[in-house]
Amino acid sequence: MAEKVKTVRGFRDLIGEEARKYRYVVDTARGILERNNFEEIILPTVEYTKLFARSIGEATDIVEKEMFTFQDKGGRDIALRPEGTAGVVRAYIENKLYADGTYKKLYYEGSMFRHERPQKGRYREFHQIGAEVLGTSNPLADAEIIKIADDILKALKVDATIEINSLGCKKCRPKYREALLQYLKEHREELCEDCQRRLERNPLRILDCKVEGCKLIAKNAPKITDYLCEECKTHHQKVKEYLKALGVEFVENPYLVRGLDYYSKTVFECVSEELGKTVIAGGRYDYLVEELGGPPTPALGFAAGVERLMLLVKELPKRPPLVLVIPFGGDREREEALKLAHRLREEGIRTELSYREGKIRKQFEFANKIGADYTIVVGENELKEELFPLKNLHTREEIRLPLEEIVKILKTQSG
RNA sequence: GCGGUGGUAGCUCAGCUGGUAGAGCAGGGGACUGUGGAUCCCCGGGUCGCGGGUUCGAGUCCCGUCCACCGCCCCA
């Protein structure tokens, strides 16, 4: 045998049940977004590297070491997208979607790529379904975005805690940052190695550190919520008020920061205790559109991790019953069975035509193996009488009926 | 990128201090020639992840490498 080619590390196939689970998660989320009147945007998988450098942040791990980057034949620096927001914003600006003066609600779905060490629920090609609202600073939008995330979790029966926080704006964040930095510098010696590095690069993340010593320091650190300006405070207050009005449960986490540089004001994460990981996360990014060359445009959104949600989905919707049509006899019977199977399929009935030859006993073993719920044998007698035996494999009951009667029965069960 | 565990049949795994690879399940056939999941009998299956080394001899020991999984970093 020739050498076998395998999947690339961190990449994988989704087959059968796994593929159906993938579709179930994505379709469920799409349905909720569609009924909220979000419009789908289908984006390219690659963008110029600088788009991500400028949006996600030059100093983030994603940009520094996790992107799949390459030069195309024209020498352009290109990256496989590590997330979706940057592309949406680029498209929003490039297509001047702001031109009609309204806000825009967009959603996307697809592969993202990060060159990380693979683990369960974390692959180098993974999938996100995300939503973005561009062109409004109304806290109603913040509340609705979080409500949608909550609806998706509920629809999938996934348990997760919604944590929210506000990161403030251009006016108040610098003051907070200053106070935090000062406090942290006083405790520099007690911080873990990683956090000492973060002190220079991204001090906010220290609040999020899992090392016990750092947690203690974080606990007594100044809280962003105490530093919010009037506008941010009111905004945050409104968001929480609306969420309560909607009955969305959440907890406030003053230590919640996000890893991407572009966030401002509202941030939130839906954390699964079972996984110990975040499954949906998002927030506001009021400056990003402008930073990427568009007009000043407040915006916000979230991204849901499809693989992580898949790990938490326990039950898939049932497929409609499967009918196996079994030809029995010779050429004439095979041909009639072929036609009969397609008659059932015309009616939307999930039907398999047996390609197996041989003993009838083997045909029934085959029916079990493929998980059929019903069989219909098409043989000489059946064709003569124009009556076909519809057998329920679970109850083992068999009734002989004209084809159109069988169609009626199966159709009612095929949703 | 760092630390750890593990890769033997389609699947789950056994294989002692190195001595020529096994079980259960699954699969194929038959007992049972127009009605299945049971039982019994028979059968096929493996470059022991890959490459190198030590050795008369390596699934077993050593080195390297790839992959999966766990933790960290990071993140959805």
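Values below: all heavy atoms of this structure, side chains included; hydrogens, waters and symmetry mates excluded. By convention in this document, chain letters (A, B, ...) are assigned in the order of the sequence lines, proteins followed by strands, and residues within each chain are numbered from 1.
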Of the options [options], whose atoms approach the side-chain atoms of [X] most closely?
X       : options                : answer
R117(A) : G36(B), A68(B), G4(B)  : G4(B)
R114(A) : G36(B), C75(B), G34(B) : C75(B)
Q119(A) : A68(B), G71(B), C75(B) : G71(B)

What integer number of Å spans the [atom1] atoms of [N] and [M]?
N      : M      : atom1 : answer
G59(B) : G29(B) : P     : 35 Å
G44(B) : G28(B) : C1'   : 7 Å
A31(B) : C69(B) : P     : 46 Å
G4(B)  : G64(B) : P     : 12 Å
C48(B) : G22(B) : P     : 14 Å
C61(B) : G24(B) : C1'   : 30 Å
A38(B) : U47(B) : C1'   : 39 Å
A14(B) : U60(B) : C1'   : 13 Å

Spacing of [X] atom [atom1] relative to [N] atom [atom2], expressed in whole Å:
X       : N      : atom1 : atom2 : answer
L324(A) : G36(B) : CG    : C1'   : 11 Å
K384(A) : G34(B) : NZ    : P     : 15 Å
R400(A) : U35(B) : CZ    : P     : 12 Å
F364(A) : G36(B) : CZ    : C1'   : 7 Å
Y262(A) : C75(B) : OH    : P     : 11 Å
E66(A)  : C75(B) : CD    : P     : 8 Å
E307(A) : C69(B) : CD    : C1'   : 17 Å
K277(A) : G71(B) : NZ    : C1'   : 10 Å

Next item on the list: Could you say whether H115(A) or N368(A) is positioned toward the 5' end of RNA chain B, judged by the nucleotide with the nearest heavy atom to each?
Entry: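 Comparing both residues, the 5'-ward one is H115(A).
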
Note to self: Using heavy-atom distances to pick each residue's nearest nucleotide on RNA chain B, tell me which of G276(A) and V8(A) is more 5'.
What the structure shows: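 Result of the comparison: V8(A).
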
Between the side chains of [Y] and [X], is the shortest nitrogen-to-carboxylate-oxygen separation below 4.0 Å, so that they form an ion pair?
X       : Y       : value
R122(A) : E116(A) : yes
E347(A) : K408(A) : no
E47(A)  : R81(A)  : no
R30(A)  : E34(A)  : no
E274(A) : K314(A) : yes
R334(A) : D331(A) : yes
E178(A) : K175(A) : no

Taking only N/O atoms, report every protein-nucleotides 27-31 of chain B pair under 3.5 Å with atom names and distance.
unit_1	atom_1	unit_2	atom_2	d
G27(B)	OP1	K369(A)	NZ	3.3
G28(B)	OP1	R356(A)	NH2	3.4
G28(B)	OP1	K369(A)	NZ	3.4
G28(B)	OP2	K369(A)	NZ	3.0
G30(B)	OP1	K359(A)	NZ	3.1

Quick one: look up who [N] pairs with, Watson-Crick or G-U, both distances under 3.5 Å, and put none if it's unpaired.
N      : value
A38(B) : none
U47(B) : none
C61(B) : G53(B)
G71(B) : C2(B)
A26(B) : none
G7(B)  : C66(B)

Item checked: Other residues, nucleotides, ligands: >12 heavy atoms within 6.0 Å of E385(A) CD ->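 Check passes, neighbour count above 12.
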
Base, sugar-phosphate, or nothing: which does [X] touch, judged by heavy atoms less than 4.0 Å apart?
X       : result
I280(A) : sugar-phosphate
K120(A) : sugar-phosphate
E83(A)  : nothing
E382(A) : base
A367(A) : nothing
G84(A)  : nothing
V306(A) : nothing

Which atoms of nucleotides 48-51 of chain B (N or O only) lie under 3.5 Å from a protein N or O atom, and what are those distances?
none

Notebook entry, point to check: Any donor-acceptor pair under 3.5 Å linking the side chain of E333(A) with the backbone of G330(A)?
Noted result: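 Here the side-chain-to-backbone pair exists.
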
Is it the case that [X] and [Y] place a side-chain donor and acceptor less than 3.5 Å from each other?
X       : Y       : result
Y242(A) : E144(A) : no
E307(A) : H127(A) : yes
Y374(A) : Q413(A) : yes

With a 3.5 Å cut-off and just heavy-atom distances, do the side chain of [X] and the base of [N] make a donor-acceptor pair?
X       : N      : result
N381(A) : G34(B) : yes
E398(A) : U35(B) : yes
R12(A)  : C67(B) : no

Notebook entry, point to check: Tell me, do L134(A) and L106(A) make a side-chain contact under 4.5 Å, heavy atoms counted?
Noted result: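 Contact flag for L134(A)/L106(A) side chains = yes.
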
